[in-house]
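Any value given below was found using the heavy atoms of this structure, including those in side chains, with hydrogens, waters and symmetry copies removed.
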Amino acid sequence: MSSASDPLVALAGLPGVADSVDSVRKAVDRVYGHRVMRRRSGEITSEAALRGARGSAALSGADWVLEEVRRRTDFGAEPEALTVGAALRLTAEAGQLLSIWRQSPLRVLARLHLVAVGSTAEGDVVGRPRLAGEPVVEPLVEAPLPSADEVAGRLDGLSRLIIAGGSAPALVTAAVVHGELLALRPFGSYNGLVARAAERIVLINSGLDPKAICPAEVGHAEQGTEAYLAAFDGYLSGTAEGMAAWIAHCGRAIELGVRESTAVCEALQRGAA
């Protein structure tokens, strides 16, 4: 993270980022203007949550078809089922934490991890950042783990940025929160799910997507794991080009989420859903 007084605004000025911000804003405005949204927005929100959870779980290794996620009620001991269950719980919980996020983002992150782990929680390693020597299970991301001390310092810096607010576009803030949590992997498990849930919270809380109908998780999954990790490598590099590429990737994910919800709107309009 930059030591500048407002590094998020600085990132918004990187080449190409303004275009991504503008493209996302136009896409979101279009789906919010859909005629179905005036009378059935609650249904779109519910469907976006389900599809977002499915997308996030897919990136964490549980790539289930949507109808399987929709019909299942048992998310017990099998690893993929646990991941899908965690993603569903996180998506549901995110909307309950919006008022806390601006005042205490670290408290929200701890709560998200606790919710993700759910009934499988054991000991005191759940709902808090890892300590020195504690293992991390995050098979998707193979980048070196920052030390526990570095995690604590960078989480504090991220928290200060969020609490301070600022004028950075929602896309930039969401991308940085997502990327930083994925880079730090502060918890012993489910860091990818938590990072994407935090991205969702930023997009909703910022006012860009107040009804939670633009599931970026759908777009991240649709672009594929290889593209996701390649863009994340850009974030890890810390270079202007790499950061801009990560922000653009997150912007495209939101646009693909918008496309998904637009299709749901049109299906409802036709009476097919």
Side-chain angles (χ1 to χ4, degrees), residues 31 36 40-97 112-121 126 137-141 178 182 187-201 203-204 209 211-229 232 249-250 252-273:
V31 71
V36 169
R40 304 182 73 173
S41 64
E43 293 171 72
I44 309 303
T45 296
S46 295
E47 191 65 20
L50 183 71
R51 294 176 186 228
R54 193 218 72 82
S56 192
L59 281 173
S60 287
D63 191 2
W64 290 12
V65 297
L66 181 64
E67 291 312 312
E68 177 70 4
V69 178
R70 194 190 304 278
R71 76 168 187 83
R72 282 284 288 268
T73 57
D74 174 24
F75 299 98
E78 192 269 327
E80 287 195 8
L82 287 171
T83 298
V84 174
L88 288 167
R89 290 192 299 274
L90 283 174
T91 303
E93 185 74 8
Q96 309 302 313
L97 299 172
L112 289 174
H113 186 243
L114 185 64
V115 168
V117 175
S119 61
T120 65
V126 177
V137 178
E138 195 65 48
L140 178 65
V141 180
H178 182 170
L182 205 59
F187 302 109
S189 58
Y190 295 126
N191 288 287
L193 294 181
V194 169
R196 291 184 288 275
E199 178 186 49
R200 166 181 282 267
I201 288 173
L203 294 173
I204 298 169
D209 182 24
K211 294 184 183 294
I213 61 167
C214 306
E217 306 97 321
V218 167
H220 287 304
E222 187 171 333
Q223 292 178 91
T225 301
E226 185 176 341
Y228 183 72
L229 292 177
F232 177 58
H249 183 87
C250 292
R252 180 59 179 157
I254 297 169
E255 292 183 58
L256 290 170
V258 166
R259 187 176 72 178
E260 186 90 351
S261 288
T262 300
V264 172
C265 287
E266 292 173 356
L268 287 172
Q269 187 168 283
R270 294 192 305 268

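A distance of 10.5 Å separates CD1 in Ile204 from CD in Glu199, rounded to the nearest 0.5 Å. Separation of atoms CG (Leu114) and CZ (Phe187) is listed at 10.0 Å; rounding is to 0.5 Å. Atoms CG and CG, on Leu193 and Leu182 in that order, are 10.5 Å from each other to the nearest 0.5 Å. To the nearest 0.5 Å, atoms CG (Leu59) and CG (Leu229) are separated by 8.5 Å. In this structure, CD on Glu217 lies 11.5 Å from CD on Glu260, to the nearest 0.5 angstrom.
Applying the 6.0 Å contact sphere to CD of Glu68 captures more than 12 heavy atoms from other residues, nucleotides or ligands.
Look at Glu47 and Arg51 and you find a salt bridge, because one of the NZ, NE, NH1 or NH2 atoms lies within 4.0 Å of a carboxylate O, short of that distance. Between Glu93 and Arg89 there is no salt bridge, since no side-chain N of the basic residue sits under 4.0 Å from a carboxylate O of the acidic one. A salt bridge links Glu67 with Arg70: the distance from a Lys NZ or Arg NE/NH1/NH2 to an Asp or Glu carboxylate oxygen falls below 4.0 Å.
Of all heavy-atom pairs between Val36 and Cys265, the closest is CG2-O, 3.3 Å. In this structure, Gly52 and Pro215 approach most closely via the heavy-atom pair CA-CB, 3.9 Å. Contact record, Leu112 with Ala198: CD1-N, 4.3 Å, taken as the closest heavy-atom pair. Across all their heavy atoms, Val65 and Arg54 have their closest contact at C-CD, 4.1 Å. Minimum heavy-atom separation, Ala81 to Arg72: CB-NH2, 3.8 Å. Smallest separation of non-hydrogen atoms from Ala197 and Leu90: CB-CB, 4.2 Å.
Residues passing the side chain to side chain contact (heavy atoms under 4.5 Å, CB included) test with Ser189 are His113, Val117, sequence neighbours excluded.
For the side-chain hydrogen bond (donor to acceptor under 3.5 Å, both in side chains) test with Ser60, the passing option among Glu80, Arg196, Glu138 is Arg196; the others fail.
Using the six-membered ring where Trp is involved, Tyr228 and His178 have ring planes that are tilted, between 30° and 60° apart.
Between the side chains of Arg200 and Ser56, no donor-acceptor pair of N or O atoms lies under 3.5 Å.
Within the 4.5 Å cutoff, the side chain of Tyr190 has no heavy atoms near those of the Val137 side chain. Proximity of Val31 to Ile44: side-chain heavy atoms (C-beta onward) are nowhere separated by under 4.5 Å. Residues Leu50 and Leu88 form a side-chain contact, since some pair of their non-hydrogen atoms from C-beta on lies under 4.5 Å apart.
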Open item on the list: Walk me through whether Ile254 and Asp209 qualify under side-chain contact (heavy atoms from CB on, under 4.5 Å).
Closed with: CA-CA 10 Å; Ile254 297 169; Asp209 182 24; over 6 Å; no
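Between the side chain of Thr262 and the backbone N or O of Val258 there is at least one donor-acceptor pair closer than 3.5 Å. The closest donor-acceptor contact from the side chain of Ser261 to the backbone of Cys214 lies at 3.5 Å or more, if one exists at all.
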